[in-house]
Amino acid sequence: VMTKTNKMLYLAAGLATLLCIGACKTPQATTLPKDTLKASLASMSRDSSVTVSPAWRDFFQDSVLRSLIDTALQNNHDLKITLQELAIAKSAITAKQGALLPSISANVGAGISKVGRYTAEGAGNVGTELTPGRKIPTVIPDLAPTLQMDWTVDLWGKLNSDKKSAVERYLASEAGQRAIKSQLVADVAENYYVLLALDYKLLVMQQYIALQKNAVRIARIQKEADADTQLAVEKFEAELAKAQADEYVLRQSIVETENNLNLLLGRLPQPIPRTKNDFSQLAMPAAAHALSTQLLLQRPDVVQAEHALEAAKWDVETARKEFLPSFNLSAAVGLNAFNPKYLVKLPESLVFSALGGLTAPLINKKAIQANFSQADALQIEALYNYDKALMTAYIETSTLQSKIANLKQLRQFKQKQDEALMRAVSAAQKLYLNNRATYLEVIDSERGQLDCKMELIDTKLQQLSTLIDMYRGYF
């Protein structure tokens, strides 16, 4: 004969079966295409010699620049912000790990109650003895210290998938922090080299001003000797005034660059110490001009996009497993008595309970279906972002490699132009003194030489900037 207990067990088993059947049908995520772009990069790159990221201390040999970079890494506010974002991401992992474990809480309850005399409970208490010779009081205290345990059992690995997503997001944040650090090192170096270039431009401009002052003096002598006119004097003075105005434009640019550099260093405006060497003779950082595909895949922006893609995949798994039943366990154990002295009387004062529950969505799944669709779309978006980051990294590197080669040729021809203009200036000045060249030819040749010197400085600065840009993601 089936007992009442057996009937309840069969009923519970039947309900559990219905829940599983109704909830175990889960949607399928979009199948992502194979990563053909990443596989094809190996055949696109011919150089595999550079496979280790360069350390910025080895890349930059200038001791002053190294000191500035150290200061920036300690004080820069953007870097400090990313460190806090990294700590937030790490805390998320701890929270997800905690969700996998049971939680235990302590509770101490105290209360007092009185039931009506003319109720079933009140009437039953009349004449009932709690202990021999002591009846149940009308007003009853209640003391109940307990321990409560709650645990969501991760049957399908949903919580574990959520934790793995958090881990991937932490790794993405870590890569983002490395990207900010590399960007900071590159920005400090680039601003420092701009400052050196401006210093050298200012020196060249001051030399040109001295040259024009001498030209004005010679033009006045020529005028007094009736070898030239007042127009020549005025043109030379106008050229001198233009050069003096350009000097203050350069001085303002120096102040602005110093302030930009101080901002990167996380400090208030102050003079930037720097070497006073000839900028045109400044040694280039020692670096290879070709990067392997392996190193390309180590760029922080590419690594960040890759971890974001993995996190999105785990988010899809988490959203898919929301359709499956969840199993919750709850248990409590404690002591219960109306008088503190009876709390230590065991096992009479001992109380406990245990409950297990299986919960599954059956009707109106629109909310979890929407969450799944959103996670699936975000997964596809993350794939596109990863492909974009990888392609951008490759194209940028290819462009910079070509730029390095072309700037080298450009500088060689600019040096030849500068040498030719130096000879032209010397010839024009001699011819002018012998009345065989006009003042316009002298001014034109001198201005041409100045422009060429400035372009040479800009070309050298572009070479330095291009090398920095090429390794910007690896410092």
Side-chain angles (χ1 to χ4, degrees), residues 47 49-76 79 178-204 253-254 257-267 270-292 294-296 298-300 396-397 399-412 414-415 453-475:
D47 192 305
S49 58
V50 185
T51 58
V52 180
S53 300
W56 62 265
R57 289 186 184 278
D58 298 329
F59 192 80
F60 301 113
Q61 300 298 320
D62 191 322
S63 59
V64 176
L65 175 56
R66 288 177 178 178
S67 176
L68 293 174
I69 293 174
D70 278 329
T71 302
L73 293 176
Q74 291 176 5
N75 300 334
N76 183 264
L79 194 58
R178 291 202 309 274
I180 293 294
K181 178 184 174 183
S182 297
Q183 180 73 36
L184 176 62
V185 171
D187 286 346
V188 171
E190 197 157 342
N191 277 274
Y192 177 74
Y193 286 130
V194 168
L195 205 51
L196 295 184
L198 288 171
D199 284 343
Y200 193 59
K201 280 186 175 182
L202 182 61
L203 177 63
V204 171
S253 297
I254 288 173
T257 306
E258 281 189 318
N259 286 342
N260 289 338
L261 197 46
N262 279 311
L263 179 61
L264 292 171
L265 300 180
R267 65 190 190 189
Q270 56 185 276
I272 299 293
R274 51 196 183 269
T275 57
K276 297 296 182 181
N277 298 332
D278 185 347
F279 183 77
S280 63
Q281 302 301 318
L282 190 67
M284 300 290 288
H289 297 166
L291 300 179
S292 68
Q294 181 181 347
L295 189 57
L296 198 66
Q298 295 175 20
R299 270 184 43 154
E396 284 179 355
T397 303
T399 302
L400 291 170
Q401 288 174 348
S402 174
K403 189 175 181 181
I404 287 172
N406 289 328
L407 283 174
K408 184 178 180 180
Q409 297 297 321
L410 173 63
R411 181 171 172 78
Q412 289 177 356
K414 280 293 177 184
Q415 286 174 332
K453 284 185 178 295
M454 294 298 186
E455 289 170 2
L456 259 174
I457 296 171
D458 288 335
T459 303
K460 182 63 175 286
L461 183 59
Q462 282 187 64
Q463 286 181 298
L464 289 165
S465 178
T466 303
L467 270 178
I468 293 171
D469 284 341
M470 188 159 146
Y471 286 92
R472 184 179 294 269
Y474 306 101
F475 293 129

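What you see is a predicted model, and the numbers here were worked out from it, not measured in a lab.
- The closest side-chain heavy-atom distance from L73 to W56 is below 4.5 Å.
- Counting only heavy atoms from C-beta outward, the side chains of F60 and V185 approach each other to under 4.5 Å.
- Checked by atom type, the side-chain pair N262/E258 shows no donor-acceptor distance below 3.5 Å.
- Contact of the D187 side chain with the R472 side chain is registered, since non-hydrogen atoms from C-beta on lie closer than 4.5 Å.
- Here the CD1 atom belonging to I404 is positioned 4.5 Å from the CG atom belonging to L467, to the nearest 0.5 angstrom.
- Here the closest non-hydrogen pair linking A189 and L65 is CA-CD1, 3.7 Å.
- Closest non-hydrogen pair, R274 versus V64, comes out as CA-CG1, 4.1 Å.
- Considering only heavy atoms from C-beta on, L203 stays 4.5 Å or farther from D278 through its side chain.
- With hydrogens and angles disregarded, no donor-acceptor distance shorter than 3.5 Å links the side chain of S67 to the backbone of S63.
- In the displayed structure, K181 atom NZ is contacted under 6.0 Å by at most 12 heavy atoms of other residues, nucleotides or ligands.
- A distance of 15.0 Å separates CD in Q183 from CZ in R178, rounded to the nearest 0.5 Å.
- The side-chain heavy atoms of L400 and T466, taken from C-beta on, include a pair separated by under 4.5 Å.
- Between the side chain of N76 and the backbone N or O of L264 there is at least one donor-acceptor pair closer than 3.5 Å.
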- Trace of the side chain to side chain contact (heavy atoms under 4.5 Å, CB included) decision for I272 with L261: CA-CA 8 Å; I272 299 293; L261 197 46; 3.9 Å; yes
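- Atom CD1 of residue I254 and atom CG of residue N259 lie 12.0 Å apart, to the nearest 0.5 angstrom.
- No donor-acceptor pair under 3.5 Å is formed between the side chain of R57 and the backbone N or O of R66.
- No option in F279, Y193, Y200 other than F279 meets the side chain to side chain contact (heavy atoms under 4.5 Å, CB included) test with K460.
- Nearest heavy atom pair, residue V188 against residue A72, reads CG2-CB, 3.7 Å.
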- Yes or no on side chain to side chain contact (heavy atoms under 4.5 Å, CB included) for D469 and E396, after CA distance, side-chain angles and deciding distance? CA-CA 9 Å; D469 284 341; E396 284 179 355; over 6 Å; no
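- Taken to the nearest 0.5 Å, the CG atom of L184 stands 6.0 Å off from the CG atom of L79.
- Going from atom NZ of K403 over to atom CD of Q463 covers 10.5 Å, rounded to the nearest 0.5 Å.
- Minimum interatomic distance between I457 and K201 (heavy atoms only, all atoms of both residues): CD1-CG, 3.7 Å.
- Separation of atoms CG (D62) and CD1 (I69) is listed at 9.0 Å; rounding is to 0.5 Å.
- Across L456 and R411, no two heavy atoms sit closer than the pair O-NH1, 3.4 Å.
- A 4.5 Å side-chain heavy-atom check between R299 and T397 finds at least one atom pair inside the cut-off.
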